[in-house]
Amino acid sequence: MSYVSLEEAVNLLRAGRVVGIPTETVYGLAGRIDAEPALRSIFATKQRPFFDPLIVHVASLTDVGPLVSRWPEPFQALAARFWPGPLTLVTNKAPTVSPLITSGLETVALRCPRHPLARELLTRLGVPVAAPSANRFGRTSPTRAEHVETEFSGQVPVLDGGLCEIGLESTVIDAKETDGSWNIRILRPGGVSRAELEGELYRQGIRFTLERAESAASPGHLPSHYQPTSPVIIIHRELDDGEILALVREKLGRHARQVSRLELGPSPEQAARRLYQNFRELSALGDNVIVISRTADQGHWEAIWDRIERASSLTLP
Ligand code: TXA
Ligand code: MG
């Protein structure tokens, strides 16, 4: 079992099976939210610890009601603007949402993907799906169907939706109200930038503060995550290959033979789309280190540098 049609994917999900599905960010490993064996199978397949909660994917904003017990005003505004799209909203869950999805937390993460096949699949299925990225825990997320296929040695049926348009995971946020003002926290930077969130909140006349928060409960935010098999090295100045290999030997005790330089280029959109695929292709060369030169981390670069830093094994000042 490997590649399946849209109809087969819907039928498999309906029957409580787990399917690799395309989204505009990265491929997900999906199971319907009301099928406990499917949810358990997601964790087993990914070798993911049960303390890391899953994102629920809905077909549209109207599906949110039965899943939550609170729906903050800024979420309504942001969902109206960015859904379907790469924005995940964390709020208090309804009692019916399985603790397997939320890892026993009182909150649930929700997202409405915009990939046309994901939308069609969710609409036809008629039930939301829980889906983490379709990679083994701690590894690079898949941005092509072939990546899912290889990651799970052909054991997981995959719906091929081509190369993911964005290439990095969604932005994850939560919101709390105090004294008529909203405190919005970015738990994970992603496909929707901080400036885009701010712009929309201003337009809607919402009083807010926006900050970056590191939540210990979210392994997606662990310092070490998204790692390819070859070490990623960040450099802050010009270094030749010999100098880099010597420093890698000294600091990591690793004897690599080659330096593979990854140029990010001027466009953050293109850099994001290709980042994980580049990690995979360069790792496949073997016996090497992947070297990236530090550039700006503002705007859409924030999410890219967040992932590169978590993927990296060493930073050379
Ligand atoms: O773009 C994406 O978000 C992709 C595609 C497949 O939709 N999904 C994805 O899922 O990246 P995953 O499981 O790899 O990452 C979900 C992140 C994790 O860091 C998880 O800890 C966090 O969202 N998360 C989920 N539920 C949460 C909650 N209730 N509170 C805080 N963080 C939560
Ligand atoms: Mg992931």
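Order of listing sets the numbers, starting from 1, for every ligand and every atom in it.
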Check: [X] N/O within less than 3.5 Å of ligand 1 N/O:
X    : result
R48  : yes
R188 : yes
H57  : yes
T23  : no

*L197, I55: one ILVMFWY side-chain cluster at the under-4.5 Å cut-off?*
no

For ligand 1, does [X] get within less than 4.0 Å through its side chain, its backbone, both, or neither, judged by non-hydrogen atoms?
X    : result
I55  : side chain
E106 : neither
D174 : neither

*Run the numbers on N288 and S230 for side chain to side chain donor-acceptor pair (under 3.5 Å), then give the verdict.*
CA-CA 6 Å; N288 63 341; S230 293; 2.6 Å; yes

*What are the protein N/O/S atoms, named by residue and atom, that sit under 2.8 Å from the Mg ion (ligand 2)?*
S133 OG

_Determine whether T209 and N183 satisfy the following criterion, side chain to side chain donor-acceptor pair (under 3.5 Å), listing intermediate values before the conclusion._
CA-CA 5 Å; T209 55; N183 179 231; 2.9 Å; yes

*Using the side chain to side chain donor-acceptor pair (under 3.5 Å) rule, take S170 and T25 through it: C-alpha gap first, then chi angles, then the decisive distance, then the call.*
CA-CA 6 Å; S170 60; T25 57; 5.7 Å; no

Which ligand 1 atoms are under 4.0 Å away from a heavy-atom of [X]?
X    : value
S170 : 1 (O), 2 (C), 3 (O)
P132 : 10 (O), 12 (P), 13 (O)
A109 : 25 (C), 26 (N), 27 (C)
T107 : 28 (C), 29 (N), 30 (N)

Taking only Lys NZ, Arg NE, NH1 and NH2, and the carboxylate oxygens of Asp or Glu, determine whether [X] and [Y] approach each other closer than 4.0 Å.
X    : Y    : answer
E151 : R280 : yes
R81  : E200 : yes
R212 : E302 : yes

_Member of R273, R114, R144 meeting the salt bridge (Lys or Arg N to Asp or Glu O under 4.0 Å) criterion with E165_ = R114

*Please verify whether a non-hydrogen atom of V90 lies at under 4.0 Å from ligand 1.*
yes

*asked:* So does R14 get a backbone contact from the side chain of R32, meaning a donor-acceptor N/O pair under 3.5 Å?
replied: yes

_side chain to side chain donor-acceptor pair (under 3.5 Å) assessment of S312 paired with E309_ = CA-CA 5 Å; S312 70; E309 275 166 2; over 6 Å; no

_Just to verify, what does S193 make a side chain to side chain contact (heavy atoms under 4.5 Å, CB included) with, not counting sequence neighbours?_
A195, E196, H300

*Is the charged tip of R294 near the ring of W305: under 6.0 Å from the six-membered ring centre and within 45° of its axis?*
yes

